[in-house]
Colleague: 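First the structure, then my questions, so here it is.
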Amino acid sequence: MTAPASDPGTPPLILAIESSCDETAAAVLDGPDSLRSSVVHSQVDIHRQYGGVVPELASRNHILAIDTVVADALQQAGAAFQDLRGVAVTAGPGLTGALLVGSEYAKAIAFSLDIPLVGINHLEGHLRAAALGTTPGFAPLTFPCVALLVSGGHTSIVHAEHPGVYTEVGRTLDDAAGECWDKVSKELGLGYPGGAIIDKLARDGNPAAIDMPRPMLHKGGDHFSFSGLKTYVLYHLREHGRPTGQDLHDLAASFQEAACEVLVKKTLRVARRLNVKDIVVSGGVACNRRLREMVLDAAGRRGLRVCIPPPSLCTDNAAMIGAAAYPRLARHIAGGAGFAEHTMNVSASWAVDDPPPEAVRTAAWDGPPL
Ligand code: KG4
Ligand code: ZN
């Protein structure tokens with residue numbers, strides 16, 4: 001299969017694939033901020049019965065879903081494989097087996113069409129999701145910025161000086177914040193994933209009802225710790241029993257207040273120290289109503305702007321991978337530099353400010369960052 005020569009008048013179409021955890025996703029873009037389609041197949045119903053993601057099941061179900069997900073993304077974009085000029089895929093961090101399904105699929109497409117391939121860091125994807133849109137009332141994505149990337153697998157504060165130039169300033173030393181929401185929900189017998197459930201309950205609760213700890217608020221530098229907060233809730237339940245009625249709403253609101261306060265205060269502290277005026281919040285936990293409200297309020301009082309993508313772009317998706325990849329692929333396409341090497345590794349623990357995993361030959365590190 002060979003892709004026809006690019007028509008210089010039309011922006012190149014790229015395909016992006018994401019499979020780092022339990023969402024199989026594909027998207028087609030015709031610009032860094034121009035999305036033609038985005039399809040997300042969630043495995044949450046499969047993992048719910050185990051109370052969390054089972055890596056082996058995630059890989060198997062990515063294999064079952066990926067063909068249909070990619071076909072749907074192409075069809076919704078009104079495109080065929082032959083129209084593609086580049087392919088992007090999440091190369092880490094994430095579950096190794098799950099990452100391999102997406103990366104092998106992407107390699108096969110790039111190899112058969114002889115088009116460039118780029119491996120994208122999942123956290124960079126969460127950050128650059130903001131290029132595709134912000135929530136009404138929030139600011140657009142602007143560099144330099146300080147990004148709070150907060151999901152079920154990650155909690156990091158990243159200083160993004162330019163697109164492609166990142167420093168991870170802080171991270172969680174134990175559980176990710178989203179994991180904490182999920183575990184509290186599980187302890188309360190409310191199901192998985194717990195973020196949205198707790199968020200909804202908290203709306204009718206009193207956030208000051210229970211004085212929850214604010215873990216590492218005044219120590220640990222820019223790092224976070226969430227396992228102590230989870231344990232506090234567990235001991236509270238052992239002592240008082242599982243709450244019902246208004247007590248349940250109050251517990252949800254009190255827990256959420258503590259977790260959000262630490263996330264927001266630490267992020268704003270970094271922004272102040274680095275003299276950065278723009279804040280980005282992204283990742284699944286960025287859907288949280290209280291977190292959005294608190295960061296907007298606190299940032300507004302300090303004259304800072306906040307960008308938060310709409311919820312569908314905060315949770316895992318492939319559009320964000322395409323947004324991060326587009327400038328890099330476009331440069332290769334414009335330069336006519338074909339990409340001969342279709343070998344690419346994945347890395348379960350690829351930090352956002354590290355070079356891509358050993359032996360990765362991608363467009364990303366060939367030239368100045370974008
Ligand atoms: O970004 P994401 O889809 O996947 C990962 O990369 O982990 O994030 C999923 C996480 C889950 O832990 C889920 O409970 C959490 O995001 N989440 C929320 C909310 N919606 C999703 N946490 C708090 N409040 C929410 N409204
Ligand atoms: Zn994610």
Side-chain angles (χ1 to χ4, degrees), residues 16-25 38 40-44 47-48 51-53 55 58 62 89-95 98-99 102 120-130 135 147-156 158 171-172 175-188 190-203 205 207 226 229-230 252-253 255-264 280-295 308-321 323-324 348-350 352:
I17 293 175
E18 152 65 37
S19 69
S20 65
C21 190
D22 62 341
E23 265 92 26
T24 320
S38 177
V40 180
H41 172 81
S42 172
Q43 301 178 7
V44 71
H47 299 285
R48 183 172 285 126
V53 178
H62 284 310
V89 65
T90 308
L95 304 169
L99 288 164
I120 295 295
N121 185 292
H122 182 81
L123 289 179
E124 178 181 17
H126 274 307
L127 196 167
R128 292 181 74 166
T135 305
L148 172 66
L149 305 175
V150 68
S151 72
H154 320 277
T155 302
S156 295
V158 174
R171 65 187 319 172
T172 181
D175 293 350
E179 208 178 334
C180 190
W181 256 270
D182 292 338
K183 285 180 178 166
V184 166
S185 170
K186 197 171 171 182
E187 285 163 8
L188 289 167
L190 298 173
Y192 170 86
I197 302 170
I198 301 269
D199 192 5
K200 199 163 168 223
L201 283 169
R203 280 169 211 201
F226 286 102
L229 186 53
K230 169 195 73 189
F255 155 72
Q256 202 164 265
E257 194 70 10
C260 292
E261 190 179 319
V262 180
L263 290 168
V264 170
V280 174
V281 186
S282 189
V285 180
C287 297
N288 187 271
R289 191 195 55 98
R290 183 66 186 126
L291 181 63
R292 287 172 172 246
E293 194 178 81
M294 204 187 271
V295 71
I308 307 188
S312 63
L313 289 170
C314 283
T315 49
D316 283 353
N317 64 84
M320 67 187 198
I321 303 303
S349 55
W350 179 11
V352 73

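What you see below is based on every heavy atom in this structure, not just the backbone, and it leaves out hydrogens, waters and symmetry mates. For ligands, and for the atoms within them, numbers begin at 1 and follow the listed sequence.
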Colleague: Side chains of His62 and Gln43, heavy atoms from C-beta outward: is any pair under 4.5 Å?
Modeller: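 Counting from C-beta outward, His62 and Gln43 do come under 4.5 Å.
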Colleague: Any nitrogen or oxygen of Trp181, side chain or backbone, less than 3.5 Å from one on ligand 1?
Modeller: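 No, no N or O pair falls under 3.5 Å.
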Colleague: If the cut-off is 4.0 Å to any non-hydrogen atom of His122, which atoms of ligand 1 fall inside it?
Modeller: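 What qualifies from ligand 1 is 6 (O).
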Colleague: Relative to the heavy atoms of Cys287, which atoms of ligand 1 are at a distance of less than 4.0 Å?
Modeller: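 Listed by number with element: 20 (N), 26 (N).
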Colleague: May I ask you to check whether Asp316 has an N/O atom sitting below 3.5 Å from an N/O atom of ligand 1?
Modeller: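 Between Asp316 and ligand 1 (N or O atoms, distance only) the closest approach is under 3.5 Å.
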Colleague: Do Val158 and Leu123 touch side chain to side chain, with heavy atoms closer than 4.5 Å?
Modeller: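 Val158 does not reach Leu123 side chain to side chain.
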Colleague: Name the closest protein heavy atom to atom 22 (N) of ligand 1, giving the residue it belongs to and the distance to 0.1 Å.
Modeller: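 Protein heavy atom at minimum distance: Gly195 CA, 3.3 Å.
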Colleague: Backbone or side chain, does His154 get an N/O/S atom under 2.8 Å to the Zn ion (ligand 2)?
Modeller: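 No, outside the cut-off.
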Colleague: Does Ile308 offer a backbone N or O that forms a donor-acceptor pair with the side chain of Thr135 under 3.5 Å?
Modeller: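 Between the backbone of Ile308 and the side chain of Thr135 there is a qualifying donor-acceptor contact (under 3.5 Å).
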Colleague: Find all atoms of ligand 1 within a distance of less than 4.0 Å from any non-hydrogen atom belonging to Gly178, and give their numbers and elements.
Modeller: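 Per the distance check, 12 (O).
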Colleague: So do His122 and Asp316 actually touch side chain to side chain, heavy atoms under 4.5 Å?
Modeller: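 Yes, their side chains come closer than 4.5 Å.
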Colleague: Only one of Asn288, Leu263, Val264 clears side-chain contact (heavy atoms from CB on, under 4.5 Å) with Met294; which?
Modeller: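 Among Asn288, Leu263, Val264, the one meeting side-chain contact (heavy atoms from CB on, under 4.5 Å) with Met294 is Val264.
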Colleague: Considering Gly194, Gly152, Gly283, which one's heavy-atom position lies nearest to atom 7 (O) of ligand 1?
Modeller: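 Checking each option, the heavy atom nearest atom 7 (O) of ligand 1 is found in Gly152.
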Colleague: Looking at Asp316, pick out the N, O or S atom nearest to the Zn ion (ligand 2) and give its name.
Modeller: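 Of the nitrogen, oxygen and sulfur atoms in Asp316, the Zn ion (ligand 2) lies nearest to OD1.
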Colleague: State, yes or no, whether a side-chain contact exists between Tyr192 and Val44 at a heavy-atom distance under 4.5 Å.
Modeller: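 Touching, per the 4.5 Å side-chain cut-off.
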Colleague: Tell me whether His122 has at least one N, O or S atom under 2.8 Å from the Zn ion (ligand 2).
Modeller: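 Yes, within the cut-off.
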Colleague: Looking at Thr315, which atoms of ligand 1 are within less than 4.0 Å of one of its heavy atoms?
Modeller: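 Heavy-atom distances to Thr315 below 4.0 Å select 1 (O), 3 (O).
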Colleague: Give the residue and atom name of whichever protein heavy atom lies nearest to atom 8 (O) of ligand 1, and the separation in Å to one decimal.
Modeller: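 Of every protein heavy atom, Gly284 CA, 3.3 Å lies nearest to atom 8 (O) of ligand 1.
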Colleague: Any ion pair linking Asp182 and Lys186 (charged N to carboxylate O, less than 4.0 Å)?
Modeller: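 Asp182 and Lys186: not salt-bridged.
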Colleague: With a 4.0 Å cut-off on heavy atoms, does Ala196 reach ligand 1?
Modeller: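 Within the 4.0 Å threshold, so yes.
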Colleague: In ligand 1, which numbered atoms sit nearer than 4.0 Å to a non-hydrogen atom of Gly153?
Modeller: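 Checking each atom against Gly153, I get 7 (O).
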Colleague: Would you check if Arg292 and Cys314 make a side-chain contact, meaning some heavy-atom pair closer than 4.5 Å?
Modeller: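 Counting from C-beta outward, Arg292 and Cys314 do come under 4.5 Å.
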Colleague: Tell me whether His126 reaches ligand 1 (any heavy atom closer than 4.0 angstrom to a ligand atom).
Modeller: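 Flag set, His126 near ligand 1.
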Colleague: Does the side chain of Leu190 come within less than 4.5 Å of Leu201's, by heavy atoms?
Modeller: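 Heavy-atom side-chain distance check passes, below 4.5 Å.
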Colleague: Nearest non-hydrogen contact with atom 15 (C) of ligand 1 belongs to which option: Asn317, Ile198, Val285, Asp199?
Modeller: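 It is Val285 that holds the nearest heavy atom.
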Colleague: Ignoring hydrogens and angles, tell me if any N or O in the side chain of Arg128 forms a donor-acceptor pair with the backbone of Met320 under 3.5 Å.
Modeller: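 No: the side chain of Arg128 does not pair with the backbone of Met320.
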Colleague: For atom 11 (C) of ligand 1, what's the nearest protein heavy atom and its distance?
Modeller: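 Result for atom 11 (C) of ligand 1: Asp182 OD2, 3.6 Å.
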Colleague: Are the side chains of Asn121 and Pro93 in touch, meaning some heavy atoms are under 4.5 Å apart?
Modeller: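 A side-chain contact exists here, since the closest heavy-atom pair is under 4.5 Å.
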Colleague: Could you find the nearest protein heavy atom to atom 24 (N) of ligand 1 and give me its residue, atom name and distance?
Modeller: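 Minimum-distance protein heavy atom for atom 24 (N) of ligand 1 reads Asn288 ND2, 3.0 Å.
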